[in-house]
Amino acid sequence: MSVVLSYVDTTKAIIASDGLATYKNKRTAHSNEQKIIHLNDNVLLGYAGHLHSCLRIVSLLTNAKPENQPIVNAMLVEDTNTFIQKCIASFDNLERCGFLICGKGKNGVPCSASTSNYAPDVLNYAIADNILYYALYPEEVPRNVDLFRNRILQCPHDIRFAMGLTIDDVAKLSPTVNTQHYFQELRF
């Protein structure tokens, strides 16, 4: 399982991930897989888990039929989260997959969400009233350690740098994460 990080404050939303995609047996499938989607002007989406299962859901959003494209273009964070939850519930034999979603929510309020078909230890903290972050970590990261929070506190003025350091930290702990960094950002 990969690492995916999301950060939202009053001016921006950022998602970051590593680039390693692995099969269930942790054998490398791709070493430079972009696991972040800039869905529309409102939503960023990052995913981790079984690559085929994640892409099965993501493709429903990114390859929408022409008549559904206006709906996808107008989706907010809550809409995207609900859509993914319905997909997870409707697919048979879906392997493990998790999603972090961030961007604009209802009434244009910046927000984040997470959903999966298993019970991951997604860490969700507010550092201050106007900052939200999520971290989806692989199993090898100790559950009582929040690497992302520590890096945000060390580098509060350069969140991308903090995200890159966090990915590097996780890569040292897990064979399913590499030090390739991918980012997508929305400005509000």
Side-chain angles (χ1 to χ4, degrees), residues 2-19 21 30 32-49 51-91 97-117 120 122-136 148 151-152 155-164 166-167 180-188:
S2 297
V3 59
V4 181
L5 309 169
S6 72
Y7 174 93
V8 178
D9 64 23
T10 57
T11 63
K12 66 187 164 297
I14 307 172
I15 285 194
S17 79
D18 72 311
H30 307 281
N32 59 350
E33 180 75 23
Q34 172 102 258
K35 297 174 277 192
I36 303 169
I37 306 297
H38 190 141
L39 185 60
N40 58 32
D41 292 340
N42 302 313
V43 177
L44 298 174
L45 170 69
Y47 57 88
L51 184 60
H52 177 72
S53 294
C54 292
L55 292 177
R56 203 169 151 197
I57 292 171
V58 168
S59 70
L60 294 174
L61 291 164
T62 58
N63 299 320
K65 295 177 183 175
E67 62 269 21
N68 293 333
Q69 197 59 49
I71 296 168
V72 172
N73 290 343
M75 289 175 86
L76 301 172
V77 168
E78 298 90 346
D79 305 322
T80 307
N81 193 42
T82 299
F83 178 85
I84 292 171
Q85 288 173 346
K86 287 179 180 179
C87 289
I88 288 171
S90 67
F91 286 148
C97 55
F99 299 87
L100 295 184
I101 307 150
C102 68
K104 292 180 188 171
K106 293 188 185 342
N107 300 319
V109 176
C111 67
S112 293
S114 68
T115 193
S116 72
N117 65 343
V122 175
L123 304 174
N124 172 16
Y125 294 96
I127 293 179
D129 290 341
N130 59 352
I131 297 174
L132 296 169
Y133 74 90
Y134 282 74
L136 183 55
F148 190 26
R151 291 301 191 178
I152 291 171
C155 310
H157 302 292
D158 193 345
I159 297 306
R160 281 182 176 235
F161 184 68
M163 291 174 132
T166 304
I167 291 168
Q180 180 72 42
H181 304 164
Y182 289 101
F183 301 93
Q184 288 283 338
E185 183 170 341
L186 285 176
R187 290 282 176 173
F188 306 127

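Everything numeric here is computed off the predicted structure, so don't read it as measured data.
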- For Ala16, does its backbone N or O pair with a side-chain atom of Gln184 as donor and acceptor, under 3.5 Å? no
- Query: Less than 4.5 Å apart, any side-chain heavy atom of His181 and any of Met163?
  - Reply: no
- Item | Check: Thr11 main-chain N/O paired with Asp9 side-chain donor or acceptor under 3.5 Å | yes
- Query: What is the distance from atom CG of Asn42 to atom CG of Asp79, rounded to the nearest 0.5 Å?
  - Reply: 9.0 Å
- What pairs with Glu33 under side chain to side chain donor-acceptor pair (under 3.5 Å), at least two apart in sequence or on another chain? none
- Message: Less than 4.5 Å apart, side chain to side chain, heavy atoms only: is that true for Ser17 and Ser2?
- Response: no
- Would you check if Ile37 and Leu44 make a side-chain contact, meaning some heavy-atom pair closer than 4.5 Å? no
- Donor-acceptor contact present, side-chain Asp41 to main-chain Asn73, <3.5 Å: no
- Query: Going by the angle between their ring planes, with limits at 30° and 60°, are Phe99 and Tyr47 parallel, tilted or perpendicular?
  - Reply: tilted
- Item | Side-chain heavy-atom pair Leu136, Ser114 within 4.5 angstrom cut-off | no
- About how many Å separate CG of Asn117 and SG of Cys54, when rounded to the nearest 0.5 Å? 8.0 Å
- Message: Counting C-beta onward and ignoring hydrogens, is there a side-chain heavy-atom pair between Ile152 and Tyr133 closer than 4.5 Å?
- Response: yes
- Looking at side-chain heavy atoms only, is the closest gap between Phe188 and Thr10 below 4.5 Å? no
- Do Leu45 and Leu100 come within less than 4.5 Å of each other through their side chains, counting heavy atoms only? no
- Query: What's the shortest heavy-atom distance between Val77 and Val43, and which atoms?
  - Reply: N-CG2, 3.7 Å
- Is it true that Asp18 and Lys35 make a salt bridge, defined as a side-chain N closer than 4.0 Å to a carboxylate O? yes
- Item | Separation between SG of Cys155 and CZ of Phe161, rounded to the nearest 0.5 Å | 5.5 Å
